[in-house]
Amino acid sequence: MSTRGERISEQRLQKLNNIRAMGIDPYPPRFKRTHTARQTIDLLGQQEKESKSEQVTVTVAGRVMANRSMGKVSFLDLRDESGKIQLMVGKDRIKEADFNLFKELDIGDFIGATGKVFRTRSKEPTIEVNSLTLLAKSLQALPEKWHGLSDVEIRYRQRYLDLISNEEVRKTFRLRSNIINNVRQFLDGRGFIEVETPILWPDAGGATAKPFITHHNALDRDLYLRIATELHLKRLLIGGFEKVYELGRIFRNEGIDATHNPEFTTLESYEAYADYNEVMKMVEEMVSTLAQQVLGTTAIEFAGTKIELKPPWQRISLREAITQHSGIDFVQYPNAEMLRSKMREKGIEVDPQKNWAHLVDDLLSTFVEPKLLQPVFLVDYPASLSPLAKRKPGEARVVERFEAFAGGMEIANAFTELNDPLEQRERFLQQARERQQHDVEETVDEDFLLALEHGMPPAGGLGVGIDRLVMLFTNNQSIREVILFPQLKEKGE
RNA sequence: GGGCCGUUAGCUCAUCUGGCAGAGCACCUGACUUUUAAUCAGGUGGUGGCAGGUUCGAGUCCUGCACGGCCUACCA
């Protein structure tokens, strides 16, 4: 790593000193603007529409993005969050002190400017600056103005540069905020309440991912970062809340790739007296409503494919979908041994360690998932794949569960929740036995079972991967494009 | 974990088979009072990711490492 002295250019430091020598604070604490760039342009348009001749004075603030100097007059592009406005600085139209300051400015500096709004010969809305204030001196050069910043590593490690340089990226994260906002509105409008449950907890349950582990010093006890919010939200159903949801970060100590970040955002919702059919309706309605409100259409494009999100979405059983796309009806091969040899017969490489449920999951992710571009619900999963879901009446090996897919990605997972505490214990134990074969530590969450023993109403539960939803809506194929600061390895010396 | 590709100025990129490391933007100096990728003239800026090796000579060839991307595997 270079030292501060090496990293900062001598030229910029010299300018900073020059500015200080003029008695100017290069980092003043506050500044009042009267208009944003957008408002200034709108104001000018309004003036012209009403044929008003007198010029209006505005004060704006923002970052200098370009400086076109013509000698006695210069044109600056000033950018704020609303957009860009041109400033004109004329040597004869500004105080000498301000002009001296102007000469020490660089692209990247934040400035405030006051002046009359007019249009140049080439019709560009412009502020004729009569007063200039430095708001923050920049000591580092910005990325190139024409090609911008494209080095993916710098884009992620120094996201602020990415945001400065790439309008599309700014759009993506505004849209992300908008999506989350609309999710809240949608659920609040249906009478759900938003809750917050612990991130740190002695058990990591509700899914089977590897957890992060940390330590509480005062309690002298290890705690896990949650891998799901499910078990706490169910405790709230037991407590008498009938519609709850949580939007929040969960953490899984696993691989990082284009669709996995160690921390990611999920929505989980639980609705008493609803079943998975009703949750399905809610999901298709929620996603299409979101698209309509955030994008203005339910017809989106993802990875070069047009996707129509308008309900109703297709519903097809997992068994049917896998049979259709892989030619293997897993019901005909009811144990790992049989399914494995059938898969081998089809020329599929099979990990001999995997149990039956894993093999079914393999068939799903290999043959089916990539084909599910249009939104679809796969319904009725094998019980062994879903320890928290209620069995379907009359079909002992199947649970009332669905996963929603779009753009070839899983975007939601839901079931009619298992509320029989004795069966839940059995299913946990069954799962623990299977895990132990694979050397995975697993404990039964006794605290949750105790809660369940007090009675949980029948309910429909839902989990939505918010990051993937944002990927879908913003046509991004990497999760890192929708997470502001994605996890990266530490950069070496 | 495996495979392929990448890493050269602050940024975007060149640098044919090994032979003095370049351009554009940014920055500096000068000219220019309506430019907008301003223009024109001149200039500063490099441990070529890191560490070794081969060679008279390495950005270029070889080995190892780091980081990143894609693919693949793993991870419900």
Side-chain angles (χ1 to χ4, degrees), chain A residues 2 6-12 14-15 64-78 84-94 103-108 118-126 128 138-158 161-162 164-166 206-211 227-228 252-262 349 351 353-355 357-362 364-366 369 381-382 384-389 401 403 410 413 431 434-435 438 440 463 477-478 480 486 488-493:
Chain A
S2 46
E6 288 166 344
R7 268 199 343 254
I8 299 177
S9 86
E10 285 299 325
Q11 284 166 339
R12 296 245 176 169
Q14 186 57 52
K15 286 179 178 179
V64 178
M65 295 303 290
N67 179 4
R68 296 176 291 280
S69 173
M70 318 272 308
K72 290 205 176 76
V73 67
S74 297
F75 295 91
L76 306 187
D77 288 341
L78 190 78
K84 187 197 90 179
I85 180 78
Q86 179 169 266
L87 307 182
M88 188 179 84
V89 177
K91 189 176 183 194
D92 302 332
R93 310 174 198 219
I94 192 172
K103 286 190 288 190
E104 303 294 336
L105 291 183
D106 286 298
I107 290 172
F118 74 108
R119 232 175 250 281
T120 61
R121 273 182 216 156
S122 50
K123 301 298 174 210
E124 180 76 21
T126 302
E128 186 187 325
S138 161
L139 301 180
Q140 297 287 350
L142 289 184
E144 208 248 4
K145 68 178 170 188
W146 186 240
H147 299 91
L149 179 67
S150 56
D151 184 314
V152 189
E153 194 170 347
I154 301 177
R155 287 188 48 235
Y156 297 156
R157 288 190 196 278
Q158 294 177 271
L161 293 179
D162 192 24
I164 291 169
S165 301
N166 298 312
T208 52
K210 292 192 194 90
I227 57 173
R252 295 187 177 180
N253 203 342
E254 287 168 1
I256 299 175
D257 63 25
T259 52
H260 295 86
N261 195 63
E349 257 184 68
D351 182 346
Q353 292 295 309
K354 284 184 175 173
N355 62 30
H358 260 99
L359 295 176
V360 170
D361 205 52
D362 270 2
L364 171 61
S365 53
T366 311
E369 194 166 337
Y381 280 59
S384 54
L385 214 51
S386 324
L388 297 156
R401 172 183 177 186
E403 288 187 310
E410 179 202 332
N413 177 28
Q431 189 190 27
E434 282 175 13
R435 297 281 147 203
H438 299 288
V440 176
Q477 272 82 69
S478 169
R480 296 184 198 99
L488 297 176
K489 283 192 201 171
E490 194 176 353
K491 185 84 169 169
E493 183 70 4

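None of these values were measured; they are calculated from a predicted model. Atoms considered below: every heavy atom in the structure, side chains included; atoms not considered: hydrogens, waters and symmetry mates. In what follows, chains carry the letters A, B, and so on, assigned in the order in which the sequence lines appear, proteins first and then strands, with residues in each chain numbered from 1.
Residue-to-nucleotide contacts include a donor-acceptor pair under 3.5 Å from the side chain of A:Gln86 to the base of B:U35. Judged by distance alone with a 3.5 Å cut-off, a donor-acceptor contact links the side chain of A:Arg93 to the base of B:U33. Below the 3.5 angstrom threshold, one finds a donor paired with an acceptor across the side chain of A:Thr120 and the base of B:U35.
Between the A:Glu144 side chain and the A:His147 main chain, a donor and an acceptor come within less than 3.5 Å of each other. With hydrogens and angles ignored, the 3.5 Å screen pairs a side-chain donor or acceptor of A:Thr126 with a backbone N or O of A:Glu124. No side-chain donor-acceptor contact under 3.5 Å links A:Arg401 to the backbone of A:Asn413.
Of the side-chain N and O atoms in A:Ser74, none sit less than 4.0 angstrom from OP1 or OP2 of B:U34. Within the structure, a side-chain polar atom (N or O) of A:Lys145 is placed less than 4.0 Å from OP1 or OP2 of B:A38. Listed pair A:Lys210 / B:C75 fails the phosphate criterion, with no side-chain N or O lying under 4.0 Å from OP1 or OP2. Phosphate contact (OP1/OP2 of B:U35, side-chain N/O of A:Arg68, threshold under 4.0 Å): absent. Between A:Arg480 and the phosphate of B:G69, there is a side-chain N or O to OP1/OP2 separation shorter than 4.0 Å. In terms of phosphate contacts, A:Lys72 brings no side-chain nitrogen or oxygen within less than 4.0 Å of OP1 or OP2 of B:U34. For B:A76, the OP1/OP2 oxygens have a side-chain nitrogen or oxygen of A:His358 closer than 4.0 Å. At the phosphate of B:C27, neither OP1 nor OP2 sits under 4.0 Å from any side-chain N or O atom of A:Ser9. Close to B:A76, at under 4.0 Å from its OP1 or OP2, lies a side-chain N or O of A:Thr208.
Note that OG of A:Ser74 is 11.0 Å distant from NZ of A:Lys103, once rounded to the nearest 0.5 Å.
Of the P atoms belonging to B:C28 and B:U54, the separation is 46 Å, rounded to the nearest Å. Taking atom C1' on both nucleotides, B:C40 is separated from B:A58 by 40 Å, rounded to a whole Å. Annotation: B:C16 and B:G2 have their P atoms spaced 33 Å apart (nearest Å). Going from the C1' atom of B:G10 to that of B:C71 covers 33 Å, rounded to whole Å. Nucleotides B:A31 and B:C70 place their C1' atoms 50 Å apart, quoted to the nearest Å. Of the C1' atoms belonging to B:G46 and B:U7, the separation is 15 Å, rounded to the nearest Å. Taking atom P in both B:G3 and B:A73, the straight-line distance is 15 Å, to the nearest Å. Using atom C1' as the reference point in both B:U17 and B:U35, the two lie 48 Å apart (nearest Å).
When heavy atoms are screened at a 4.0 angstrom cut-off, A:Gly148 is found touching the sugar-phosphate backbone but no base atom. Across all strands shown, A:Lys15 has heavy atoms under 4.0 Å from sugar-phosphate atoms exclusively, and none from any base. Across all strands shown, A:Leu161 has no heavy atoms under 4.0 Å from either base or sugar-phosphate atoms.
For the strand RNA chain B, secondary-structure stems (runs of at least three Watson-Crick or G-U pairs, all distances below 3.5 Å) span B:1-7 with B:66-72, B:10-13 with B:22-25, B:27-31 with B:39-43, B:49-53 with B:61-65.
Of the listed residues (A:Leu105, A:Leu76, A:Val89, A:Asp77), just one forms a side chain to side chain contact (heavy atoms under 4.5 Å, CB included) with A:Asn67, and that residue is A:Leu76.
Side-chain atoms of A:Asp257 and A:His260 form a donor-acceptor pair, as typed in the model, at a separation below 3.5 Å.
Mapping A:Gln140 and A:Ala66 onto RNA chain B by nearest heavy atom places A:Gln140 at the nucleotide closer to the 5' end.
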